[in-house]
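It should be emphasised that the depicted structure is a prediction, and the values quoted were computed from it without experimental measurement. In this chain, numbering begins with 1 at the start of the sequence shown. In listed order, ligands and their atoms are each counted from 1.
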Amino acid sequence: MQDYVRRILTSSVYEVAEQTPLDTMNLLSARLGAKVLLKREDMQPVFSFKIRGAHNRIAQLSEAERARGVICASAGNHAQGVALSASRLGIRAIVVMPTTTPTIKVGAVRRLGGEVVLFGDGFDAARGHAAELAEKHGYVVVHPFDDPDVIAGQGTIGMELLRQHPGEIGAIYVPVGGGGLAAGIAAFVKFLRPEIRVIGVEPEEAASMKAAIAAGHPVALDQVGLFADGVAVRQVGDETFRICRELLDDIVTVTADEICAAIKDIFDDMRAIAEPAGALALAGLRRQVETGEAPKGALIAINSGDNVNFDRLSYVAERAEIGERAEALFSVEIPEQPGSHRAFSRMHGQRSITEFNYR
Ligand SMILES: *Cc1c(COP(=O)(O)O)cnc(C)c1O
């Protein structure tokens with residue numbers, strides 16, 4: 001881990017990335033009876049931390065590699081990080097995106113100076129095509145997570161956290177997709193402050209690190225839920241797995257409804273709108289406070305990003321109430337006979353109904 005600490009301390013991410021604020025969540029802290037802080041990686045220039053890892057990798061390329069250009073396959077935040085970093089350094093960046101990628105994301109990458117290649121109808125096809133183009137034209141592949149320089153770039157967040165909160169920290173909650181962010185933060189924090197718990201958080205429907213740790217090696221999930229698209233990774237990396245298995249204290253999984261409730265918490269405290277993967281860590285933090293598993297001391301969650309389509313928000317708002325357990329959604333079958341509806345009404349008694357559909 002010493003090697004990672006050295007890479008993190010000497011990283012050049014601040015050429016393009018910001019040191020983001022570590023904000024106290026006053027409302028949520030009062031509600032939970034714990035000091036909760038949020039690391040605002042949504043305030044990076046591309047609205048996610050991915051610029052750190054991408055830049056730390058690209059900035060270290062040799063002159064010859066820079067002349068060849070870089071390539072990545074991504075429909076999301078990694079693509080924007082690669083495009084921004086490369087354009088700042090005057091390097092060509094090719095981004096392979098599935099043909100199904102929303103035009104808003106294609107446009108964002110182009111505006112940052114990336115050359116977009118649309119290929120295939122899924123991420124695996126896009127990645128295969130990127131590898132082919134790299135082979136053919138000599139582009140340098142920038143992996144979204146399974147690369148020591150990328151991991152170290154994300155790890156600069158751990159360094160900032162320890163400086164920004166020198167006092168007691170009970171735990172740091174980190175969202176896990178391919179595991180680069182968690183590996184980087186854990187490598188730095190566990191080296192200097194091993195008493196701080198570093199806890200990975202995954203959606204129940206995309207728990208690839210949990211599955212890897214259970215199996216003893218990275219495994220491909222049969223199915224991956226796409227709700228938190230920033231962490232919808234079928235299989236974690238070899239290097240990220242090696243570090244996470246050794247250094248993470250625990251992995252918590254949460255439901256989509258709990259993620260929606262955490263998006264609302266962030267809005268209530270900060271007036272910021274997190275993407276589902278961005279609020280994932282806070283959902284895990286809340287879960288551990290509620291089950292009594294959270295340690296004493298300040299609790300920190302990483303808000304990893306804000307890239308959400310506006311039209312998703314109505315869904316999030318609706319599910320947040322369910323995640324809060326303030327509202328529940330039931331599907332019931334009632335007999336097709338007179339009086340059935342009245343009998344059903346008696347059953348729910350004084351509880352109020354916000355929506356009712358009958359068919
Ligand atoms: C990429 C990403 C993650 C997960 O990071 P990994 O290094 O793949 O584990 C979490 N949140 C957001 C917003 C992301 O873009």
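Arg163 and Glu160 are not joined by a salt bridge, as no carboxylate oxygen comes within less than 4.0 angstrom of a charged side-chain nitrogen.
For Thr24 and Lys35, the side-chain atoms include no donor-acceptor pair closer than 3.5 Å.
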At less than 3.5 Å, what protein N or O atoms come close to the N or O atoms of ligand 1? Include the distances to 0.1 Å.
unit_1, atom_1, unit_2, atom_2, d
ligand 1, 7 (O), Gly180, N, 2.9
ligand 1, 7 (O), Leu181, N, 2.9
ligand 1, 8 (O), Gly178, N, 2.8
ligand 1, 9 (O), Gly177, N, 2.8
ligand 1, 9 (O), Gly178, N, 3.2
ligand 1, 9 (O), Gly179, N, 2.8
ligand 1, 11 (N), Ser304, OG, 2.6
ligand 1, 15 (O), Lys50, NZ, 2.8
ligand 1, 15 (O), Asn77, ND2, 2.7

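Panel note: side chain Asp146, backbone Glu239; a donor-acceptor pair is recorded below 3.5 Å.
Listed by first and then second residue, the ring-ring contact (aromatic ring centres under 6.0 Å, His included) pairs that reach into residues 48-86 come to none, sequence neighbours excluded. Evaluation of the ring-ring contact (aromatic ring centres under 6.0 Å, His included) test over residues 338-359, restricted to residues two or more places apart or in two chains, returns His341-Phe356, Phe344-His348.
With sequence neighbours excluded, the residues that form a side chain to side chain donor-acceptor pair (under 3.5 Å) with Arg6 are Asp3.
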